[in-house]
Amino acid sequence: MFFIFFELLSNMPELPEVEVVRSFLESRVIGKKILKVSTVNEKLRYKVPSNLNLSLKNLIITKILRRGKYLILFFRDSKLCLLIHLGMTGYFRLSDELVEKKHDHVIFFLTKKILIFNDIRKFGFIKIYCNNEIFLSSHLRNMGVEPLSKDFNLNYFNSFRKRAVDLKGLLMNQSFIAGLGNIYCSEILYDARLSPLRKINSLNNLEIRNIVKSTKKILKKAISFGGTTIKNFIVSEEKIGYFKNKLKVYSRDKKNCLRCLKGILIKKIRQNGRSTFFCEKCQK
DNA sequence: AGGGCTACCTGTACGC
DNA sequence: TGCGTACAGGTAGCCC
């Protein structure tokens, strides 16, 4: 007997992964009613609201948005909405029957489906907001530009020219650009052939255009890869949405640079307490 | 106010 | 085999 369920990511969700989860959930749970919410463990990054079941019971999911790495769920005829962050290991599992697993924290009983929030490291969270206040919340208020929108361009980047941080530090800053994490920052800078150590005020317009271009290119590619894995997914416990196998530089320290090839090795350094991977020869 | 650093958490990989 | 330790990274909150 197979259990058919969809397990959405369990590692390092950045913008593309969250977008894949968003579009998957959109295709599967829009129009469904929440019959009951059961909190198995309230100790996530923030305590799961104790009124979650009371507040959401009988509400119908109408819309799911993504902003940066956050998901926002809206409901029919309700002023409430849900703000969800997957942290580093959070994922959703959609299944036909209840099969609990270790680190399942919140269970949404929907019409004919069960949606489970699982998070090994508990860096994720679920919060309730009024939908006219959600974008003013501390989480979203200072959030930077969406990288795939037209607002992320040369002019926008130039307004941050005077920042003292290095290039990778700026890309990691959610109030500059929303949704990039440690993995995609390395990938984007490798694609743009720019060193993560570059100072912002040393960048010329061409280089900034390249960053913008590479950012959009890499993110779009990752999203479409995640989408593809969903389409091909039938019955399996395999995690989906992984872009991991497609990474060109992240986690490849001491391996040959895929552009420079023989003898030129990817270097791993620490920036702001995080690892960065790059090629000293082709990223200037 | 920008920027640097750390705690939070658990699983995994590694050295001895 | 087993134990201890380092590492992985998103975010908020702290301090300077």
Side-chain angles (χ1 to χ4, degrees), chain A residues 7-22 40-48 66-72 83-92 101-106 117-127 129 134-144 146-147 157-189 196-201 219 222 237 239 241-244 247 249-254 266-278:
Chain A
E7 200 159 281
L8 296 179
L9 298 159
S10 77
N11 261 328
M12 305 165 202
E14 300 184 32
L15 186 151
E17 290 75 20
V18 179
E19 177 57 28
V20 169
V21 171
R22 190 206 66 78
V40 181
N41 169 27
E42 60 179 21
K43 286 182 190 159
L44 298 185
R45 166 144 205 163
Y46 304 106
K47 183 176 172 292
V48 175
R66 179 193 57 73
R67 177 80 173 98
K69 298 170 202 170
Y70 292 86
L71 288 170
I72 312 164
L83 182 67
I84 297 170
H85 197 289
L86 302 176
M88 288 175 49
T89 53
Y91 72 92
F92 280 106
K101 291 193 170 195
K102 202 175 176 184
H103 307 301
D104 283 349
H105 302 306
V106 180
F117 181 75
N118 181 297
D119 184 0
I120 295 174
R121 282 154 82 172
K122 301 181 187 137
F123 285 176
F125 65 82
I126 297 176
K127 276 188 180 183
Y129 280 94
I134 179 111
F135 290 103
L136 302 172
S137 69
S138 62
H139 302 286
L140 304 183
R141 198 175 44 205
N142 298 320
M143 184 138 285
E146 278 292 323
F157 207 110
N158 272 331
S159 63
F160 286 77
R161 263 266 168 84
K162 290 190 178 135
R163 292 296 179 114
V165 290
D166 50 33
L167 183 48
K168 195 214 180 198
L170 185 65
L171 293 183
M172 289 287 284
N173 185 341
Q174 301 299 302
S175 66
F176 167 63
I177 184 168
L180 302 186
N182 206 40
I183 296 175
Y184 287 100
C185 284
S186 280
E187 293 298 313
I188 287 163
L189 291 177
L197 296 165
R198 282 286 293 275
K199 293 296 170 200
I200 307 307
N201 60 14
L219 294 180
E237 295 208 8
K239 310 264 193 307
Y242 272 155
F243 190 62
K244 230 182 194 169
L247 299 178
V249 68
Y250 181 84
S251 189
R252 298 196 69 253
D253 55 313
K254 295 180 192 151
I266 298 299
K267 201 172 171 185
K268 175 182 178 177
I269 58 170
R270 294 211 53 100
Q271 283 178 293
N272 308 108
R274 298 277 179 258
S275 39
T276 302
F277 301 85
F278 73 114

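So that the names make sense, note that chain A is the first sequence line, chain B the second, and so on, each numbered from 1. Any value given below was found using the heavy atoms of this structure, including those in side chains, with hydrogens, waters and symmetry copies removed. Predicted, not measured: the structure shown is a model, and the values here were computed from it.
- Distance from the side chain of A:Arg121 is smallest for B:dC9 among the nucleotides B:dC9, B:dG2, B:dG4.
- In this structure, A:Arg45 and A:Val165 both approach DNA chain B, and ranking their closest nucleotides by distance from the 5' end singles out A:Val165.
- In this structure, A:Phe125 reaches neither bases nor backbone, as no heavy-atom distance under 4.0 Å exists between it and the strands shown.
- Remark: the backbone N or O of A:Ser275 is paired with a side-chain donor or acceptor of A:Asn182 at under 3.5 angstrom.
- Between A:Tyr70 and A:His85, the ring-plane angle classifies as perpendicular under the 30° and 60° cut-offs.
- The phosphate of B:dT10 has OP1 or OP2 within less than 4.0 Å of a side-chain N or O from A:Lys122.
- Residue A:Ser275 is in sugar-phosphate contact alone, with no base atom involved, counting any heavy-atom pair closer than 4.0 Å across all strands shown.
- Looking at residues 173-180 of chain A, you'll see A:Gln174 sit with a heavy atom under 4.0 Å from some atom of DNA chain C.
- Comparing the axis of the opening five pairs of the helix from B:dG2-C:dC16 to B:dC16-C:dG2 with that of the closing five pairs yields an angle of 50°, rounded to 10°.
- For the pair A:Arg274 CZ and B:dG4 P, the computed distance is 14 Å after rounding to whole Å.
- Closest approach of A:Gly124 and A:Phe117 over heavy atoms only: CA-CZ, 4.5 Å.
- Atom-to-atom, CD1 of A:Ile120 to P of B:dT12 comes out at 7 Å; the value is rounded to the nearest Å.
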A:Val21 vs A:Tyr91, side chain to side chain contact (heavy atoms under 4.5 Å, CB included): CA-CA, chis, key distance, verdict: CA-CA 8 Å; A:Val21 171; A:Tyr91 72 92; over 6 Å; no
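- Proximity of a side-chain donor or acceptor of A:Thr89 to a complementary backbone N or O of A:Arg121 within less than 3.5 Å is detected.
- Among A:Gln174, A:Arg67, A:Lys127, the one residue that satisfies the side chain to side chain donor-acceptor pair (under 3.5 Å) test with A:His139 is A:Lys127.
- Phosphate contact (OP1/OP2 of B:dC9, side-chain N/O of A:His103, threshold under 4.0 Å): absent.
- Contacts between chain A and DNA chain C, taken as any atom within less than 4.0 angstrom of a protein heavy atom, begin and end at C:dA8 to C:dA12.
- The distance between atom CG of A:Asn118 and atom C1' of B:dG11, rounded to the nearest whole Å, is 13 Å.
- Among the atoms of the strands shown, only primed sugar atoms or phosphate atoms (P, OP1, OP2) are found under 4.0 Å from some heavy atom of A:Gly181.
- Between the side chain of A:Arg270 and the main chain of A:Asn272, no donor-acceptor pair closer than 3.5 Å is present.
- Contact annotation for A:Lys43: no contact, since no heavy-atom pair falls under 4.0 Å across all strands.
- Rounded to whole angstrom, the span from the NZ atom of A:Lys162 across to the P atom of B:dG2 amounts to 13 Å.
- Within the 3.5 Å criterion, the main-chain N or O of A:Tyr250 finds no donor-acceptor partner in the side chain of A:Ser186.
- Across all strands shown, A:Phe160 has no heavy atoms under 4.0 Å from either base or sugar-phosphate atoms.
- A:Glu14 places a side-chain N or O within donor-acceptor distance of the main-chain N or O of A:Ile183, the cut-off being under 3.5 Å.
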Worked verdict on A:Leu171 versus A:Phe176 for side chain to side chain contact (heavy atoms under 4.5 Å, CB included): CA-CA 7 Å; A:Leu171 293 183; A:Phe176 167 63; 4.2 Å; yes
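- OP1 or OP2 of B:dG11 has at least one side-chain nitrogen or oxygen of A:Lys102 nearer than 4.0 Å.
- A distance of 11.0 Å separates NZ in A:Lys102 from CG in A:Asn118, rounded to the nearest 0.5 Å.
- Of the N and O atoms on the side chains of A:Glu17 and A:Tyr184, at least one donor lies less than 3.5 Å from an acceptor on the other residue.
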